[in-house]
Amino acid sequence: MNEASPVPGGEHPAAESEAAAPPAMKGDLTQGPILKTLLLFSLPMLLSNVLQTLNGSVNAIWVGRLIGESALAATANANVIMFLLYAAVFGFGMATTVRIGQYFGARDIVAARKTFGSGTGFSAGLAVVVAIGGWIYGPAMLHAMSTPDASRAEALAYLRVMFLALPIASVGLMVSMAMRGTGDSKTPLYAMILTVVIDAALNPVLIMGLGPVPRLGITGSAAATAFANIAGLVYQVWRIYRQDLPMRLRGPELGYFLPRSDDLRYILAKGLPMGAQMLIVSSAGLIMVGLVNREGLYAAAAYGASLQLWNYLQMPAFAISSAVSAMVAQSLGAGDHGRVNKVTITGMATNLMMSAAMAALIVGFDGPLLKLFLGSGSPALPIAEHIQLICTSSFVIISITMILTGTMRAYGAVVAPLAIMFLGLYPGRLGFYFAARPMLESEAVWWAYPVGSVVTVALTLSYYRFGKWRDAFRM
């Protein structure tokens, strides 16, 4: 892998790795100390993820305290479905981000803009179709998840408002991911700060109906999130044009939002497996929610509160994986294959230290943290504390897969990670549950998490070491 490879699409050959480095430009991730570059780029993403998850946690606190445990269980069920729908857009967004990063590393800004337009236009249209289908089939989805009867009506009301906001939220996600492909992780951070502030402020107002605002209950929580997402998107667009950032489109360039055939082929070829990987994760999550729901309302509420803490635990891996993917993609565009392994190793070490520290904090302070969502006297609290002791380590283990997949994704290797994720979650996690259920009874659903994570990481390490995933970029 020492010879230079062209950026997919053939529009701009990458510079030879032995050649002098091109002049640095804003957002360039191909030069400078790797650890410093990784941290400066990933920390805004980590903070953005913290704020996003904190926003979800605050919303859960409002819902749980102002409406009750049935509403909290309802949002947990509805949010799993929304994650499933976002996964359909996320895969194409990741493919778009990788291709933008490759073009940006090759200094081909025009091609990067064309890819951004194609990816955003296609994803926006897809989100509209998905939102319509979700609105129609929302009741069937909740029924398939065995959502408790006490929560089903609230979950559907929450879900349908989120469906209405899905296209706007999807475009906002695409813009954020595109900005990161050009090395800009600060603009999405500022947009997230605005989103969180608006969402947190509007939630109690719309839920309780303060002042002249009518009482909307759980629908108000979803509406607050929708309004906040709109504000975040508007801010990003304003900042892009005000500062003339690389992804701004003007005049005839607005036609780039009509997907171009070569970009669309790449986005579909790489995005479908990436989206399918997210769908596998989401569908496995749906199944797990259904299995937990069978254990009763308190187990479902305990699981919903635990998910809030696990979201925080996964944030370092998400941020560093995205940073690794962007840095590798730009390095490939610049023809610097020698930098890739150093980026991956640095990302792996940084992720493990941060994830392990986060896990220790969550386990050490799980009681006070869980009481934020459940209250000190909730019968679900001891169940949630038990869940944390068993499942928390599994997210540190699986973070290894996320970093390695970030590197392979930048090369365009997406099919094997998809297969690995399927094997880890279905034969690994769910297979263990059904095999162990007769012996462990309700404990099987919790122990399935660490077992599935170990299987997934073992397969990922084997493929990273012995597989031919580097050939995907050359092809």
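- A heavy-atom distance below 4.5 Å is found between the side chains of Gln277 and Thr405.
- For Arg113, the salt bridge (Lys or Arg N to Asp or Glu O under 4.0 Å) criterion is met by Glu253, not counting sequence neighbours.
- For the residue pair Val414 and Ala269, the shortest heavy atom distance occurs at CG2-O, 4.3 Å.
- Within the 3.5 Å criterion, the main-chain N or O of Arg260 finds a donor-acceptor partner in the side chain of Ser118.
- A donor-acceptor pair is defined here as one N or O able to donate and one able to accept, closer than 3.5 Å; no such pair exists between the side chain of Gln314 and the backbone of Ser399.
- Here the CG-NZ distance, from Leu249 to Lys114, works out to 11.5 Å after rounding to the nearest 0.5 Å.
- Leu46 CG to Leu51 CG: the interatomic distance, rounded to the nearest 0.5 Å, is 9.5 Å.
- Within the 3.5 Å criterion, the main-chain N or O of Met177 finds a donor-acceptor partner in the side chain of Thr97.
- Contacts of Ser176 classified as side-chain hydrogen bond (donor to acceptor under 3.5 Å, both in side chains), with partners at least two apart in sequence or in another chain: Gln236.
- The shortest distance between side-chain heavy atoms of Ile109 and Thr182 does not fall below 4.5 Å.
- For the side chain to side chain contact (heavy atoms under 4.5 Å, CB included) test, residues two or more places apart in sequence or in another chain that qualify with Val234 are Ile230.
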request  = Apply side-chain contact (heavy atoms from CB on, under 4.5 Å) to the pair Val175 and Met247, showing each step before the final yes or no.
outcome  = CA-CA 9 Å; Val175 173; Met247 290 301 97; over 6 Å; no

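- Between the Gln330 side chain and the Gly101 main chain, no donor and acceptor come within less than 3.5 Å of each other.
- Qualifying side-chain hydrogen bond (donor to acceptor under 3.5 Å, both in side chains) partners for Tyr256, counting only residues two or more places apart in sequence or in other chains: none.
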inquiry  = side chain to side chain donor-acceptor pair (under 3.5 Å), that's the test. Do Ser221 and Asn203 meet it? Break it down for me.
reply    = CA-CA 5 Å; Ser221 179; Asn203 249 275; 2.8 Å; yes

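- By the side chain to side chain contact (heavy atoms under 4.5 Å, CB included) test, Ala169 is found to be paired with Tyr86, Asn229, residues two or more places apart in sequence or in another chain being considered.
- Cation-pi contact between Arg429 and Tyr449: present, with separation from the ring centre below 6.0 Å and deviation from the ring axis of at most 45°.
- Residues satisfying the side-chain hydrogen bond (donor to acceptor under 3.5 Å, both in side chains) test with Tyr235, not counting sequence neighbours, are none.
- Of the possible polar contacts, none joining the Thr392 side chain to the Leu389 backbone as a donor-acceptor pair under 3.5 Å is found.
- Looking at residues two or more places apart in sequence or on another chain, you find no ring pair (Phe, Tyr, Trp, His ring centres under 6.0 Å) involving Phe365.
- Partners of Thr350 under the side-chain hydrogen bond (donor to acceptor under 3.5 Å, both in side chains) rule, at least two apart in sequence or in another chain, do not exist in this structure.
- Between the Arg107 side chain and the Gly105 main chain, a donor and an acceptor come within less than 3.5 Å of each other.
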message = Go through it in stages, so that I can follow the logic: the residues are Met174 and Phe116, the test is side-chain contact (heavy atoms from CB on, under 4.5 Å), and I'd like the CA-CA distance, side-chain angles, deciding distance and then a yes or no.
response = CA-CA 8 Å; Met174 289 293 300; Phe116 167 65; 5.5 Å; no

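- Counting only distance, with no hydrogens or angles, the side chain of Ser355 and the backbone of Asn351 share a donor-acceptor pair below 3.5 Å.
- Salt-bridge annotation for Arg265 and Asp262: absent, with no side-chain N of the basic residue lying under 4.0 Å from a carboxylate O of the acidic one.
- A cation-pi arrangement is found for Arg99 relative to Tyr266, the charged atom lying closer than 6.0 Å to the ring centre and inside a 45° cone about the ring normal.
- The CZ atom of Arg470 sits 9.0 Å away from atom OG1 of Thr407, with the distance rounded to the nearest 0.5 Å.
- The side-chain hydrogen bond (donor to acceptor under 3.5 Å, both in side chains) contacts involving residues 121-134 comprise nothing, where partners must be two or more places apart or lie in separate chains.
- Judged purely by atom type and a 3.5 angstrom limit, Ser42 has no side-chain atom pairing as donor or acceptor with the backbone of Ile320.
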Side chain to side chain donor-acceptor pair (under 3.5 Å) between Thr225 and Asp199, worked out = CA-CA 5 Å; Thr225 300; Asp199 199 0; 3.2 Å; yes

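- Atom CG of Leu47 and atom OG of Ser185 lie 10.0 Å apart (nearest 0.5 Å).
- Using a 4.5 Å cut-off on side-chain heavy atoms (C-beta onward), Pro417 and Arg409 make no contact.
- Looking at Pro188 and Arg180, their side chains come closer than 4.5 Å, going by heavy atoms from C-beta outward.
- Side-chain contact check for Thr460 versus Met402: every heavy-atom pair is 4.5 Å or farther apart.
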Tyr312/Asn49 under side-chain contact (heavy atoms from CB on, under 4.5 Å): CA gap, chis, key distance, verdict = CA-CA 8 Å; Tyr312 289 100; Asn49 290 340; over 6 Å; no

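- Applying the side chain to side chain contact (heavy atoms under 4.5 Å, CB included) criterion to Leu164, with sequence neighbours excluded, gives Trp135.
- Distance check: Phe395 CZ to Ser453 OG gives 7.0 Å after rounding to the nearest 0.5 Å.
- Residues Tyr411 and His337 are in side-chain contact: their nearest non-hydrogen atoms beyond the backbone lie under 4.5 Å apart.
- Side-chain polar atoms of Asn341 and Thr344 form no donor-acceptor pair below 3.5 angstrom.
- Side-chain contact between Leu430 and Leu425: absent, with no pair of heavy atoms (C-beta onward) separated by less than 4.5 Å.
- Taking the six-membered ring for Trp and thresholds of 30 and 60 degrees, Phe92 and Phe122 have ring planes more than 60 degrees apart, a perpendicular arrangement.
- Here the straight-line distance linking atom CG of Leu361 with atom CG of Asp366 works out to 11.5 Å at 0.5 Å rounding.
- Every residue meeting the side chain to side chain contact (heavy atoms under 4.5 Å, CB included) condition with Ile34, not counting sequence neighbours, appears here in chain and number order: Met327, Arg339, Lys342, Val343, Thr346.
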Using distance only, find each side-chain donor-acceptor pair of residues 461-468 under 3.5 Å and give its atom names and separation, not counting sequence neighbours.
{"residue": "Ser462", "atom": "OG", "partner": "Ala458", "partner atom": "O", "Å": "3.0"}

inquiry  = Let's go through Met45 and Leu189 carefully: what are the C-alpha distance in whole Å and the side-chain angles of both, what is the deciding distance for side-chain contact (heavy atoms from CB on, under 4.5 Å) to 0.1 Å, and is it a yes or a no?
reply    = CA-CA 7 Å; Met45 286 194 291; Leu189 169 62; over 6 Å; no

